[in-house]
Every structure is written in C-alpha cells, then in structure tokens.
Amino acid sequence: MPVSLKDTRSAELFARAVHRLPGGVNSPVRAMKAIGRDPVFVQRAQGAELIDVDGNRYVDYVCSWGPLIHGHAHPEILEAVAAAAAHGTSFGAPTEAEVLLAEEVARRVPSVDMLRMTSSGTEAAMSVVRLARAATGREKLLKFAGAYHGHLDGLLADAGSGLATAGLPASPGVPAAATANTIVVPWNDPHALRVACEQHEFAALLAEPYPANMGLVPPASGFLELLRELATENGALLVFDEVITGFRVAPGGAQERSGVIPDLTAMGKVIGGGLPAAAYGGSEALMNLVAPAGDVYQAGTLSGNPLAVAAGLATLRMLDDDAYRRLAATTEALADGMRAAAAAAGVPVQVVSVPGLFTTFFSAEPVTDYAGARACDTEAYGAWCRALLARGVFPPAAQFEAWFPSLAHTDEHIGATLEAAAAAFADIAG
Ligand SMILES: *Cc1c(COP(=O)(O)O)cnc(C)c1O
C-alpha cells in the first residue's frame, strides 16, 4: 500500500529557496529532480539517521555523498573540530595537524608520499591535472565516459560520436577549447582505450578506479591493469580520482584493494570527515614540482584548514581494520538484501557493490559502462526512491549515484532499510 511523505515545511522552505538559490539548492543533486520530487530540507542528523524539518526520520544512505564514513555528528569528530575551533579557525600559516594528516595519508595510500591539501575534490582534480601536464610537458587528457572529476571545465566533457574523439563541452559555458584536449572513451572498453593511446600522447589517463558517479560500475577484470600498462607505454601519468573510493573501499583506497598503483591520486570526501577538505598526492619527485618546492602554481586561502584537518584526522584514526571489516559486512548485507527484495517483487535490478558502496540499477542487463547505466529505467528508480523516502529511507536521489553505507548503520538500520525496500519494490511492481 503506497504511503506518502509529510513535507509541508520542506515545501515552504523550497518555495522561498527558489527565489534566492538556483533551483533552490547549492548543489544540483540535492534538488531531487531526478527522482521527480522537490528537495527534503534537513533539520539535523545523528549516526545513520537524518531528521527533516517536518520531523520525518530516515536511515540515511547519502551521508553527505561520501564524507561521513562514521555517520553524522560522531562525538569524537565533533570534539576534535570543537577543540580546533577553540584555538582559531584559520591562520594562513602551517600547523602541526597538517603534518600529522599528511603522514597519516602517506602511511595508508600506496602511491602517496607527499600531498597538497585543497578545499574541494574539484580543486584537487583541477590541480592534479595541472601537475600532470607540467610533469609531462603534454596537454591531452584521457577520461572515461560517465566518470566525474568535479566541475572543472576541461573534465566536463562528453564523449564525441567516434571511438576516441575530442570531448564536447558537457555544459553551456564550457568553451570548446577547454575540452578539445580531453579524449573521452567508454569505461571497460579495452579496444577504445588502446586506440586512444595509439592516437594521442597524453599527459594523464584519468580514472575513478571504481567509478561511482554513473552508479557504481567496477572495472572488468584486468581493466585497471591495462590502464596502468598503457599509461606507462604512452608516457602518460596514471591519475586515480579516489575522491569517493579513498579511505572507503580499503585503508589505501581502490589502489590498495586492486594492487594497481597510479602515479598521482586525487582524494576528497572522507579525508575531510564532513568538513571541506581534499588533497592530491604522489611521489616526492612529482609533488616537489608543486610551488613553492617547484614552480607549478597552486594555492588556497583555506587549504589545510584547521577544522577540516581535525575532522579528517579524527576520521582516519578511527578507520582501523575492524572498521573496514564492519563496513564491508554492512554493504554486503544491504546488497544481498536488495537483490532478494527485488527478486521477491519481480523487479529486474542489478545490485553492484564494493565495500562501502553499492548501486541498485533498474536494469535487466548487467551494467558495465555509462551507456548501460543510462539505459536503466530511471522512472522506476525515481518511483522506488519516492516510496523509500515515504518509508523512512533516504536514498541518493539519482540512478547515477552510489549509496553510501556508514559505520553508524546497525543491523537494525539494515533490517528497517530492507523492509522498506521490499515494500517500495512491491509498490512500484503493483
Ligand atoms: C565528489 C567528487 C569530486 C568532486 O569533489 P567536490 O568536493 O564535490 O568538488 C571529484 N571526483 C569524484 C570521483 C567525486 O565523487
């Protein structure tokens, strides 16, 4: 029996918001347009639970789109942020905590000996591209269709019509010149990748090692290894965008889990523990090209911000082996349960997961690339999400986003989620 959401107060706020904020929000996916409804305004959150301004309580699977691996308002993280804030919120001079965080990251991430902090993943991606171009003396970039590396001009590129063509601007306002040096190839397509590498000399091959911005579409067996091999052969740097996967799928991210080690890595989300922080890193030789050690210019007024660094450090310090085992078990229980619930309702889905991430694709066929993701029944996904919201589950409001379970999700949360999911599948099947 379909139920509906009480959202009077959210609707009131949204009506005011649209007059002052484009689309009523400060980042597009929050608008929930892709699932055919208006946004839910949040009042507060604790652990795995989110409470909206109408008093509805949800089990949250957005978790700020990735940063909150320990859930909302974790006491140790709040304490660390409060302690840092009491000493001053920003100095424009270095602090001890930045050294500690850099050491903590270098200890975990195989490719990272040195790093530079930024305030957002977009900035990290933009800066890592500049560094790769400076290091190689080349300009061309290879990226994969459906991969997201933030909203920088050069990487907001859609595939052209050929196998390995220059990217077309994916947004008005992106100059054609900005994407002319970006070659877009389909994910998991070894042939297209080889052809591109034969035709171009790249500064960087850029990849989300486990792409999670077209829904989660893991690499086919051997694909990351091929990427590594072709980068080296081409004279390009291999750049992994681990803004989502970093510190989530394993202590050292997808590179540790897969054993494929990039030259440079972009990090974000978990590294800031819910405050604005991101970073890019690599070997000493490459990172020492960055100013002021070298002459590749990149800077930031709030980079390495004390509050964000405190949150990041507290977040990483709580991520021990047991935490990763628990997060993997939670993810697996959810993914298995989703499969069973969909099957029971006769709804054809593909549930894809890696530890800490999963996507329920509304597709009868396995999804291996962006074309497959786009072929999903997004209407059905939207209807399912609306039903989930009405039943107390807060899903990522787009088929092309991953779900983010956290360490705060308990067996009770999992049980309630799967019960709601089963009912929501039944709603849309009937
Ligand atoms: C979120 C994301 C970014 C951009 O990070 P922001 O902090 O939103 O700028 C870059 N790359 C990937 C893979 C992401 O998921």
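The model shown is predicted, which means the values in this text are computed figures rather than measured ones. Order of listing sets the numbers, starting from 1, for every ligand and every atom in it.
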Per-atom contacts of ligand 1 with S120, taking only distances under 4.0 Å to non-hydrogen atoms: 7 (O), 9 (O)
Pair Y370 and W187, ring centroids less than 6.0 Å apart: no
Parallel, tilted or perpendicular: ring planes of W403 versus Y61, cut at 30 and 60 degrees: tilted
R57/E49 salt bridge by N-O under 4.0 Å criterion: yes
Min N/O separation I244 to ligand 1 under 3.5 Å: no
Within reach of ligand 1, part of V243 (heavy-atom separation under 4.0 Å): side chain
Numbering as shown, the atoms of ligand 1 that approach G121 to under 4.0 Å (heavy-atom distance): 4 (C), 5 (O), 6 (P), 7 (O), 9 (O)
Atom 8 (O) of ligand 1 protein-contacted (non-hydrogen atom, under 4.0 angstrom): no
K269 contact mode with ligand 1 (heavy-atom cut-off under 4.0 Å): side chain
H149 contact mode with ligand 1 (heavy-atom cut-off under 4.0 Å): backbone
Note, Q298 side chain near Y280 side chain (heavy atom, < 4.5 Å): yes
For E208, the ligand 1 atoms whose distance to one of its heavy atoms is below 4.0 Å: 13 (C)
Residues that R228 engages under salt bridge (charged side-chain N to carboxylate O under 4.0 Å, His left out), provided they are two or more places apart: D263
Ionic contact status for E104 with R108, cut-off 4.0 Å: yes
Closest protein heavy atom to atom 4 (C) of ligand 1, given as residue, atom name and distance to 0.1 Å: T122 N, 3.6 Å
Near-ring test Y210/F240, centroid separation under 6.0 angstrom: no
Salt-bridge present (K33, D38; N to O < 4.0 Å): no
Close-contact set for ligand 1 against D241 heavy atoms, below 4.0 Å: 10 (C), 11 (N), 12 (C), 13 (C)
Interfacing atoms of ligand 1 (cut-off 4.0 Å, heavy-atom, N213): 12 (C), 13 (C), 14 (C), 15 (O)
